[in-house]
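All of these numbers come straight from a predicted model, not from anything done at the bench. No hydrogens, no waters, no symmetry mates; every other heavy atom, side chains included, goes into these values.
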Amino acid sequence: MADILTPALGESVTEATIAKWTKKVGDAVKKDELLVELETDKVSLEVVAPADGVLGAINAAEGDTVVPGTVLGSVTEGGAAAAAPAAAPAKAAKGEAKAAAAAAASSIDITVPVMGESVAEGSMGKWLKKSGEAVKKDELLVEIETDKVAVEVSAPADGVLTIAADEGSTVTPGQKIGSVSGSGAAAAAPAAAAPAPVAAPANTGSAQVKNETLSPAVQRVVAENNLDPKAISATGPKGNITKGDAIAAIGAAAAAPAPAAAPSAPRALAPREERVKMTRLRQTIARRLKESQNTAAQLTTFNEVDMTNIMALRAQYKDVFEKRHGVKLGFMSFFTKAVVAALQEIPAVNAEIDGTDIIYKNHYDIGVAVGTDKGLVVPVLRDADTLSLAGIEKGIGALGKAARDGALTMDQLQGGTFTITNGGTYGSLMSTPILNAPQSGILGMHNIVQRPMAINGEVKIRPMMYLALSYDHRIVDGKEAVTFLVRIKELLEDPQRALLDL
C-alpha cells in the first residue's frame with residue numbers, strides 16, 4: 001500500500017485545502033495520474049498517484065485542511081480494492097469490533113483541505129444538509145472560510161451524511177468534519193462515525209482548554225510568545241481557543257493577570273443594527289495592515305502629474321499598438337516604466353530592511369494590486385526593467401486575469417520589490433497607501449480629473465492626477481522620496497525623456 005502525501009507547499013505555506021478528488025475509493029489509478037488538487041492562499045497544487053493500483057482510502061475529503069506530510073489517502077497496489085476502503089473507517093472506529101469496522105467500511109471521512117500560505121485554520125460555515133440526510137457525490141455540503149478564500153466542501157460519495165463539526169467552529173487542515181456512509185444501513189455508519197470529540201461539552205468563554213486540542217496556528221502563537229493556554233480567554237464556538245484569542249493574549253499578558261483577560265460581553269445591538277462575523281480574509285487584511293503600520297516608519301509624500309502628453313500619445317497610437325501587439329495600450333505600462341527608471345535612480349526605495357542590514361535589490365519586480373471578489377491580491381510582474389510597453393501590458397493583463405480566476409501561482413505572488421496600486425479605477429482622488437511589507441515603497445495612482453492649471457501664465461484646463469508615495473522612513477529619506485516622485489512626474493509629463501534616457 002502506498003500513501004498519498006501532502007507535498008511541500010512553498011515558502012511560508014503551512015497548510016492547504018483539498019479542492020477536488022478526481023477519483024473515488026475503489027477506482028483504478030495509474031502511477032503519476034492526477035488524484036487530488038490542493039489549494040493554498042497563493043497557488044494550486046496537483047497530487048498524483050504514487051503507484052499503479054486502486055484508490056483504497058481517502059483520508060482528507062474536499063474542503064479539508066491538510067499540512068505538508070499529511071496522509072491524504074492510499075493506493076492499494078495490485079488491485080486489492082476491497083481491503084483498502086476499510087482502512088479509513090477503521091481509523092475512525094478506534095478499537096471497535098471487527099463487525100463495527102466492517103459496517104463503517106463504506107463510510108468516507110469528510111476532512112478539512114489545505115487552505116493556503118500560513119493559513120492554519122478555518123471557520124465552518126452553514127451546513128447545507130443535516131445529519132442523516134442523503135447526499136449525492138460532489139454535492140456542496142459546507143463552506144470553510146479561511147484568511148483568503150471560502151473553500152467549498154462537497155460530498156466525496158453518494159450516501160448518508162454525518163456531521164462532526166458545527167457551524168462556526170474552528171477547524172484545521174486534515175481535521176474530520178463529517179462522513180458520508182455509502183452503505184444501505186444508514187443507521188450503523190452514522191453511529192460509528194460520530195466521534196466523542198463532537199459530543200464534547202462546549203466550554204463557553206472558559207480558558208480550560210487542553211494544549212493538545214489547540215490548532216496548529218494557535219500552538220505556533222502560544223509557543224512563539226510563551227503563552228499559557230489556560231490563561232487565554234477562549235471565544236471559539238465550542239470553548240476552543242482561536243488564533244485571534246492567542247494574538248489578543250500577547251498584549252494582555254504583560255498588562256494584566258490571566259483572569260482579567262476574560263472577554264467582555266458583546267454590546268447589545270441597537271435597532272436596525274446587525275452583527276456579522278468578520279471573514280477570515282478581512283481579519284487577515286486587518287492584521288497584516290496593522291502589522292505593516294506597526295513595523296515600518298511610514299510616511300506619504302504627494303505630487304500631481306499632468307496627463308496631457310501621455311493621453312495624447314495613447315490616443316494617437318492606441319489603435320496601431322493594439323493591432324501590432326494584440327493588447328490595448330493603457331496607463332499602467334507608462335507608470336511601470338517610470339517607476340523602474342525612478343527606482344534605478346533612487347535604489348533605497350527598491351530596498352528592504354533585514355534586521356540591521358539593508359538589502360539593495362538590483363532587480364525590478366513590480367507588484368500590481370488587483371481587486372478580486374475574494375479580496376485584494378498583489379501579483380508580481382517579474383523583471384519589469386527588461387519589458388517593453390507591450391510586454392508590460394501583456395504581463396499585467398495576464399496577472400489580472402489569473403487573479404480574478406483564482407489561478408495565480410505561488411511564484412507570481414512572492415518576491416515583489418515595489419508595488420503600484422491604482423485607486424483611480426474606483427474613482428479615488430487621493431489616498432495614503434500602506435506599505436506591502438517588507439517593501440519600502442508603494443505608489444498610489446488616482447483618478448484623472450480636469451482641473452484649471454496655470455500654464456505659462458495662462459489658466460488652462462488639464463487632465464491632472466494626484467500621485468502618492470508611501471515609504472519606509474527608516475530607509476528612505478524625505479529628499480529621496482520627493483526626488484523619486486518628481487522623477488516619475490517628469491517621465492510621465494514628458495514621455496520622450498524615457499526614450500532618450502534623460
Side-chain angles (χ1 to χ4, degrees), residues 303-347 349-350 361-371 377-404 408 411-413 415-426 433 436 439 441-448 462-469 484-502:
N303 213 317
E304 59 183 350
V305 56
D306 186 341
M307 297 292 290
T308 300
N309 291 333
I310 289 290
M311 293 177 71
L313 187 65
R314 179 171 175 263
Q316 182 177 356
Y317 293 107
K318 65 178 182 180
D319 292 336
V320 66
F321 184 91
E322 184 175 3
K323 183 177 180 180
R324 174 71 178 273
H325 299 291
V327 64
K328 292 182 179 180
L329 178 60
F331 293 122
M332 283 300 298
S333 54
F334 292 105
F335 274 84
T336 303
K337 278 287 188 182
V339 161
V340 169
L343 291 174
Q344 291 171 335
E345 185 174 327
I346 312 293
V349 187
N350 201 48
K361 303 171 185 177
N362 298 316
H363 55 98
Y364 303 91
D365 299 331
I366 308 301
V368 181
V370 178
V377 293
V378 187
V380 178
L381 183 68
R382 303 288 177 190
D383 299 318
D385 56 316
T386 66
L387 299 176
S388 64
L389 292 177
I392 293 173
E393 292 291 352
K394 290 178 181 179
I396 292 177
L399 290 173
K401 183 179 186 301
R404 290 185 289 273
L408 288 170
D411 181 66
Q412 290 174 313
L413 288 156
T417 63
F418 185 89
T419 296
I420 301 175
T421 178
N422 186 5
T425 58
Y426 306 106
N436 185 17
Q439 297 172 17
I442 179 172
L443 179 71
M445 299 168 55
H446 299 93
N447 198 17
I448 300 174
R462 291 297 180 93
M464 304 299 295
M465 176 192 289
Y466 286 118
L467 299 180
L469 173 69
F484 178 89
L485 204 51
V486 168
R487 181 66 170 143
I488 292 177
K489 171 183 171 70
E490 292 174 346
L491 291 168
L492 293 173
E493 290 186 342
D494 188 3
Q496 289 84 348
R497 295 176 67 97
L499 295 175
L500 298 174
D501 194 21
L502 296 177

Side chain to side chain contact (heavy atoms under 4.5 Å, CB included) between L413 and V378, intermediate numbers included = CA-CA 6 Å; L413 288 156; V378 187; 5.6 Å; no
Quick one: do I392 and K337 satisfy side chain to side chain contact (heavy atoms under 4.5 Å, CB included)? Show the steps, please.
-> CA-CA 9 Å; I392 293 173; K337 278 287 188 182; 3.9 Å; yes
Let me see the working for L443 and V339 under side chain to side chain contact (heavy atoms under 4.5 Å, CB included), right down to the final yes or no.
-> CA-CA 9 Å; L443 179 71; V339 161; 3.7 Å; yes
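Considering all non-hydrogen atoms of both residues, H446 and A468 come closest at CE1-CB, 3.8 Å. Minimum interatomic distance between L381 and G395 (heavy atoms only, all atoms of both residues): CD1-CA, 3.8 Å. In terms of heavy-atom proximity, V327 sits nearest to A390 at CG1-O, 4.2 Å. Closest approach of V320 to Y317, counting heavy atoms only: CG1-O, 3.3 Å. Nearest heavy atom pair, residue M307 against residue F335, reads CE-CE1, 3.9 Å. Counting all heavy atoms, side chain and backbone alike, S333 lies closest to L329 at OG-CD1, 3.8 Å.
Residues V370 and L399 have side chains not in contact (no heavy-atom distance under 4.5 Å, counting atoms from C-beta outward). R314 is not listed as a side-chain neighbour of F321, based on a closest heavy-atom distance of 4.5 Å or more. The shortest distance between side-chain heavy atoms of D306 and L492 does not fall below 4.5 Å. Two residues are said to be in side-chain contact when any heavy atoms from C-beta on lie closer than 4.5 Å; Y364 and D383 fail this criterion. The side-chain heavy atoms of N447 and M465, taken from C-beta on, include no pair separated by under 4.5 Å. Looking only at side-chain heavy atoms (C-beta outward), I420 and T336 come within less than 4.5 Å of each other. Counting heavy atoms from C-beta outward, V368 and M332 have side chains that approach closer than 4.5 Å.
For the side chain to side chain donor-acceptor pair (under 3.5 Å) test, no residue two or more places apart in sequence or in another chain qualifies with N422. With sequence neighbours left out, E304 forms a side-chain contact (heavy atoms from CB on, under 4.5 Å) with R451, M453, M464, Y466. Partners of V380 by side-chain contact (heavy atoms from CB on, under 4.5 Å), not counting sequence neighbours, listed by chain and number: D365, R382.
To the nearest 0.5 Å, atoms CG (N303) and CD (E490) are separated by 9.5 Å. The structure places CG of N350 at 9.0 Å from CD of Q344, a figure rounded to the nearest 0.5 Å. In this structure, the separation between CD1 on I488 and CG on L491 is 8.0 Å, given to the nearest 0.5 Å.
A side-chain donor from one of T419 and Q439 sits under 3.5 Å from a side-chain acceptor of the other.
Ionic pairing of E345 and R487 is present here: one or more N-O contacts between side-chain nitrogen and carboxylate oxygen are shorter than 4.0 angstrom. Between K489 and E493, at least one side-chain nitrogen of the basic residue sits less than 4.0 Å from a carboxylate oxygen of the acidic one, meeting the salt-bridge criterion.
Judged by distance alone, with hydrogens and angles left aside, the side-chain atoms of K394 form a donor-acceptor pair with the main-chain N or O of H325 at under 3.5 Å.
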